[in-house]
2 protein chains.
Amino acid sequence: MTRSMSSFDKAMALFGALVAQDGVFESDAMSVQLGVPESTLYRHLNALHSAGLICRSKRGRYLPNPVFLMKLEGYTPHAVLSEIVRPFLDQLSVALETTTHFGILENDMVTYLAKAAFEGEEVFTREKGQLEAYCSAIGKVLLSHMTIDERQAYITSGPFPKLTDKTITDPGEIERELHRTRNKGFGVDDGEVHNALYCIAVPVFSSRGMVVGAISSSSSQRWASPKEQRDRLIQLNGVAQSISSTLGAGA
Amino acid sequence: MTRSMSSFDKAMALFGALVAQDGVFESDAMSVQLGVPESTLYRHLNALHSAGLICRSKRGRYLPNPVFLMKLEGYTPHAVLSEIVRPFLDQLSVALETTTHFGILENDMVTYLAKAAFEGEEVFTREKGQLEAYCSAIGKVLLSHMTIDERQAYITSGPFPKLTDKTITDPGEIERELHRTRNKGFGVDDGEVHNALYCIAVPVFSSRGMVVGAISSSSSQRWASPKEQRDRLIQLNGVAQSISSTLGAGA
DNA sequence: CAACTACTATCACAATGTGATAAATGGAGA
DNA sequence: TCTCCATTTATCACATTGTGATAGTAGTTG
């Protein structure tokens, strides 16, 4: 991790900064931002250009090369993510003897990108299916990592249907639950989506701390003991971290 | 162009190959394909990974990093292309004293991504607007650079409405016209879309010879002499080449 | 279990990236 | 048109990095 950065990483850091700033390049500001001397920045800029990653629009503006973008058109983050995550879910499902999911947030709903079923445990979810976020374990985790503004917008967006008699539907109560979820570092759905469905979920981070999605363990019966739940969480977090490191170092 | 490739270029060449081959990496085949020894390839592979461009799916399979893809989600090839091309069109419009366009092929129709109007020359087209390909200058150029199969599919897809009395509508005749267009290297619309609209167009290539789009010069009156037309073509081609080199070396 | 291929590790050498400095180019405004 | 300022290119001595041959490990397939 702390091994010497290759020239490649440095140039890609510049690319990342450019993309994040809508192509605006101010040499002195960028220099302090990235901790790289200006002369080196221009060399990196040229490297990015000759590699076909960026092209110059006007003075001080560099955009991702459209030809490069076209090459990536066949790939969607969702499709790739689900392919990457699937083997991890399979392994986890065997280890925990439960069904496991990987989900992301999309339009305030949870979308399941991958599912590994554990035989004997029928779970009604399906891949690419959507679920309410406020009551599912994965949803709680993802909502709890939103910015304050985003979360506020979600909380006031209601209404929140009562799916079971355990479903939390009061906005204030939901907000507190999300706060607890964030503090604990994992989300719990204690029969709040479906009477016979109990889940716990933990976040999957990208290497720079952004939340990419969450993985969960779902069972038709409640976990027997606190110890058992703790055990599952450890395994979930282990796998989450494996996924993170598979995703690598980029943003 | 032939100056020594930076390590960056070589690694990005590997990335390009991976993307083009759906992530499949066979070290010996890739080695001969790129002319790079295997040990170096694996170093590049690791560089791409640690820079966050790719991640490992399974043995021998490397996919674009979904986190990286997400960062690029705000950029579409079309939007970037039109921004890149616009200043060139403006300049060309002044030089030729005609309206100029940049268009690409989309679902067998020409889509105009950018337009630079020349005052006094009213042209009915608008940016993001679509036009039939078989009778417009830009369309002819783009169709003429399709693969044989694609072109055949287009020719048989008909029907081809007769927009003016000069419009070529017979499939066989269209095919011959496309063949002529390809051989000449430029396309002509001699009032075939609209009675008072005369255009010539030339292709814009990416640095590896792929056709990205085409630029055209449109006028409400026919060019006076062959010499004048030749002159316009020279300027069109010059600008097309400028755009190509702005797009850079990738793919 | 055998054969194969993906993948990692090491090392001496050379190529390439580095950053300070200086100079040129181009665009916005007076 | 001229001035000013930020962007951009050019140069150079130095040291960090990349290179590729070789050898060895590990995971997969039959």
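Each chain gets a letter, A, B and so on, in the order its sequence line appears, and its residues count up from 1. Only heavy atoms go into these numbers, but all of them, side chains included; no hydrogens, no water, no symmetry mates.
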- Ranking D/dT9, C/dG17, D/dT8 by distance to the side chain of A/Asn46, first place goes to D/dT9
- By salt bridge (charged side-chain N to carboxylate O under 4.0 Å, His left out), which residues pair with B/Arg56, not counting sequence neighbours? none
- Query: Any salt bridge (Lys or Arg N to Asp or Glu O under 4.0 Å) pairs touching residues 73-86 of chain B, not counting sequence neighbours?
  - Reply: A/Arg61-B/Glu83, B/Arg86-B/Glu127
- Message: According to side chain to side chain donor-acceptor pair (under 3.5 Å), who are the partners of A/Thr98, at least two apart in sequence or on a separate chain?
- Response: A/Ser217
Only distances under 3.5 Å count here; give the side-chain donor-acceptor pairs of residues 22-33 of chain B to other protein atoms, sequence neighbours excluded, each with its distance to 0.1 Å.
from: B/Ser27; atom 1: OG; to: B/Glu38; atom 2: OE1; distance (Å): 3.1
from: B/Ser31; atom 1: OG; to: B/Val36; atom 2: O; distance (Å): 2.7
from: B/Gln33; atom 1: OE1; to: B/Gln21; atom 2: NE2; distance (Å): 2.9

- Message: Going by the rule side-chain contact (heavy atoms from CB on, under 4.5 Å), which residues pair with A/Ser7 if we only count those two or more places apart in sequence or in a different chain?
- Response: B/Ser7
Name the pairs: protein N/O against N/O of nucleotides 26-30 of chain D, kept only if under 3.5 Å.
none

Distances under 3.5 Å only, N/O to N/O: pair up the protein atoms with those of nucleotides 21-23 of chain C.
none

- Does any residue of residues 14-28 of chain B have a heavy atom under 4.0 Å from DNA chain D, and if so, which ones, in number order? none
- For residues 95-105 of chain A, which residue pairs qualify under salt bridge (Lys or Arg N to Asp or Glu O under 4.0 Å), counting only residues two or more places apart or in two chains? none
- With sequence neighbours excluded, residues passing salt bridge (charged side-chain N to carboxylate O under 4.0 Å, His left out) with B/Arg43: none
- Task: Determine to 10° how strongly the helix from C/dC1-D/dG30 to C/dA30-D/dT1 is bent, judged from the axes of its five-pair ends.
- Result: 80°
- With sequence neighbours left out, the residues meeting side chain to side chain donor-acceptor pair (under 3.5 Å) with A/Gln130 are A/Thr111
- Message: At 4.0 Å (heavy atoms only), tell me whether B/Ser7 reaches a base, stays on the sugar-phosphate, or touches nothing.
- Response: sugar-phosphate
